[in-house]
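All remarks here apply to the structure that follows.
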Amino acid sequence: MQTKVKFKIMKYSAKNAKQDIPTRSYQDNKTRGGKCLIIAGSKGMYGSAVLASLGASRCGAGYTYLLSSGKFPTAHHPDFLMVTGRPKFENFQATAIGPGFRNSKKIKKYLEAMIKQKIQNLVLDAEALNVIASTNKKLPKTWIVTPHEGELSRILKVSSQKIRNDRKKYILIAQKKLGCVVLLKGHRTLVADGKSLREIQSGNPALAKAGTGDVLTGMIVAFLSQGLSSVSAANLAGYAHGLIADDWIKSGKDVLSLMASDVVDLIPKILAQIRKNKV
């Protein structure tokens with residue numbers, strides 16, 4: 001597979017993030033944050049659903065709804081609302097699907113329904129990426145996929161080592177194949193949309209831990225629900241996510257010690273830093 005970069009590779013940094021971060025006026029209420037739906041969590045994997053949902057709530061979604069597979073323990077999670085039955089995707093400004101959701105048949109069914117209904121704002125992660133890896137269909141251009149190198153290797157049918165050796169080449173191949181926005185997680189997270197390639201100027205190996213990607217998915221869907229474009233939502237979430245890890249190290253903590261729940265807890269501080277231009 002060969003591809004060439006036909007446009008300038010841009011760096012996404014603090015200045016860009018400050019321009020993209022959603023604002024609030026004193027007259028705004030929860031409808032300003034929009035409604036987002038997160039389809040996540042199965043038996044034994046409910047933590048992914050919690051992390052994604054909390055990430056969305058922390059990043060400004062006015063309403064965060066969760067649809068899980070199985071009997072989700074709701075008592076200790078008052079920050080998001082449960083959905084049962086078949087969701088009405090048109091009632092939400094944005095949807096995310098995949099974290100900890102092991103029912104690939106339902107994922108395929110939901111994706112087919114969203115394509116038929118022309119749903120514009122969707123984030124695909126985890127098991128949803130495995131579902132699309134088994135097909136050769138292009139996705140709507142406003143959808144966002146968020147693979148790490150291993151997941152991208154399954155989508156492109158090449159080794160993860162090859163991708164690691166030339167991340168910029170393979171994200172462009174993936175974007176051309178899928179037709180949507182691609183966020184490739186890892187060192188110097190990349191975002192491609194067919195018109196540009198952006199390199200996120202934040203992040204470090206502290207994020208290399210289970211669950212941090214679930215939080216990122218929630219962050220992206222929250223920004224989508226507030227009206228950001230797919231590219232802006234992916235860029236801003238990727239930058240803020242990485243900045244949390246940078247702040248963790250700058251505060252004197254060890255690179256091994258960051259947990260996904262710490263990422264959720266640090267979102268308020270990092271968003272304030274971006275807004276006040278104190279990065």
Side-chain angles (χ1 to χ4, degrees), residues 9-22 40 47-48 50-60 96 98-100 123 125-126 129 144-152 160 163-164 167-168 171 181-192 197-223 228 231-279:
I9 300 174
M10 298 183 290
K11 294 182 178 181
Y12 189 93
S13 58
K15 180 179 179 181
N16 307 112
K18 181 174 173 56
Q19 293 173 342
D20 285 338
I21 192 168
S48 295
V50 173
L51 291 167
S53 298
L54 291 177
S57 293
R58 285 289 195 192
C59 283
V123 185
D125 188 27
L129 299 176
I144 304 170
V145 296
T146 61
H148 52 58
E149 291 162 0
E151 290 163 334
L152 191 62
S160 56
I163 294 172
R164 190 172 300 115
R167 287 166 52 83
K168 293 175 182 177
I171 190 176
V181 176
V182 180
L183 182 151
L184 177 57
K185 294 180 281 196
H187 178 61
R188 286 287 182 257
T189 291
L190 298 169
V191 178
L197 175 61
R198 293 167 175 83
E199 184 180 77
I200 304 300
Q201 301 299 295
S202 65
N204 63 66
L207 287 169
K209 194 167 290 184
T212 60
D214 302 325
V215 182
L216 176 62
T217 295
M219 295 170 73
I220 298 172
V221 75
F223 292 140
L228 268 65
V231 172
S232 294
N235 285 330
L236 176 59
Y239 181 75
H241 192 249
L243 200 62
I244 287 170
D246 293 342
D247 183 79
W248 185 262
I249 299 302
K250 288 179 182 178
S251 65
K253 298 181 179 68
D254 190 75
V255 67
L256 303 179
S257 61
L258 181 68
M259 299 190 301
S261 56
D262 296 318
V263 177
V264 172
D265 291 342
L266 284 168
I267 288 173
K269 176 183 179 182
I270 294 307
L271 293 184
Q273 287 181 0
I274 292 173
R275 194 180 303 280
K276 296 175 183 177
N277 201 24
K278 293 185 177 181
V279 175

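Note that these values count all heavy atoms, side chains included, but never hydrogens, waters or copies made by symmetry.
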*Stepwise side chain to side chain contact (heavy atoms under 4.5 Å, CB included) check, Asn16 with Ser13*: CA-CA 6 Å; Asn16 307 112; Ser13 58; 3.5 Å; yes

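- Salt bridge annotation for Asp125-Lys185: present, with a cationic side-chain nitrogen under 4.0 angstrom from a carboxylate oxygen.
- Atom CG of Leu152 is separated from atom CD1 of Ile171 by 8.0 Å, given to the nearest 0.5 angstrom.
- Using a 4.5 Å heavy-atom cutoff, the side chains of Leu216 and Val263 are not in contact.
- Counting only distance, with no hydrogens or angles, the side chain of His241 and the backbone of Leu207 share no donor-acceptor pair below 3.5 Å.
- In plain terms, the two heavy atoms of Gly55 and Val264 that are nearest each other are N-CG2, 4.5 Å.
- Closest approach of Val255 to Pro205, counting heavy atoms only: CG2-C, 3.9 Å.
- Under the side-chain contact (heavy atoms from CB on, under 4.5 Å) criterion, Ala208 pairs with no residue at all, not counting sequence neighbours.
- Side chains of Asp20 and Tyr12: a donor-acceptor N/O pair is present below 3.5 angstrom, by distance only.
- Pairing each heavy atom of Ile249 with each of Asp254, the nearest pair is CD1-C, 4.1 Å.
- Using modelled atom types, one side-chain atom of Arg275 and one backbone atom of Pro22 make a donor-acceptor pair closer than 3.5 Å.
- Summarising the geometry of Lys11 relative to Gln201, their closest heavy-atom pair is CG-NE2, 3.6 Å, with the distance given to 0.1 Å.
- Side-chain contact check for Trp248 versus Leu266: some heavy-atom pair is nearer than 4.5 Å.
- Of all heavy-atom pairs between Pro99 and Asp214, the closest is CB-OD1, 3.4 Å.
- Rounded to the nearest 0.5 angstrom, Leu197 CG and Lys168 NZ are separated by 7.0 Å.
- Distance check: Thr189 OG1 to Glu199 CD gives 9.5 Å after rounding to the nearest 0.5 Å.
- With rounding to the nearest 0.5 angstrom, the CD1 atom of Ile144 is 8.0 Å from the CG atom of Leu183.
- Not a single donor-acceptor pair under 3.5 Å links the side chain of Asp247 to the backbone N or O of Ile244.
- No donor-acceptor pair closer than 3.5 Å links the side chain of Arg198 to the backbone N or O of Asn235.
- In this structure the side chain of Arg58 never reaches within 4.5 angstrom of the side chain of Met219, judged on heavy atoms.
- Lys209 places a side-chain N or O within 3.5 Å of a backbone atom of Leu256 that can act as its donor or acceptor partner.
- Once rounded to the nearest 0.5 Å, the distance linking CD1 of Ile200 with CG of Leu243 reads 11.0 Å.
- No more than 12 heavy-atom neighbours from other residues, nucleotides or ligands sit within 6.0 angstrom of NZ on Lys15.
- Taking the side chain as every heavy atom from C-beta outward, Phe223 and Cys59 approach each other to under 4.5 Å.
- Under 3.5 Å, the side chains of Ser202 and Asp246 contain no donor-acceptor pair of N or O atoms.
- Between atom CD of residue Gln19 and atom CG of residue Asn277 there is a gap of 10.0 Å, rounded to the nearest 0.5 Å.
- Across every non-hydrogen atom of Gly98 and Ala126, the tightest pair is O-CB, 3.4 Å.
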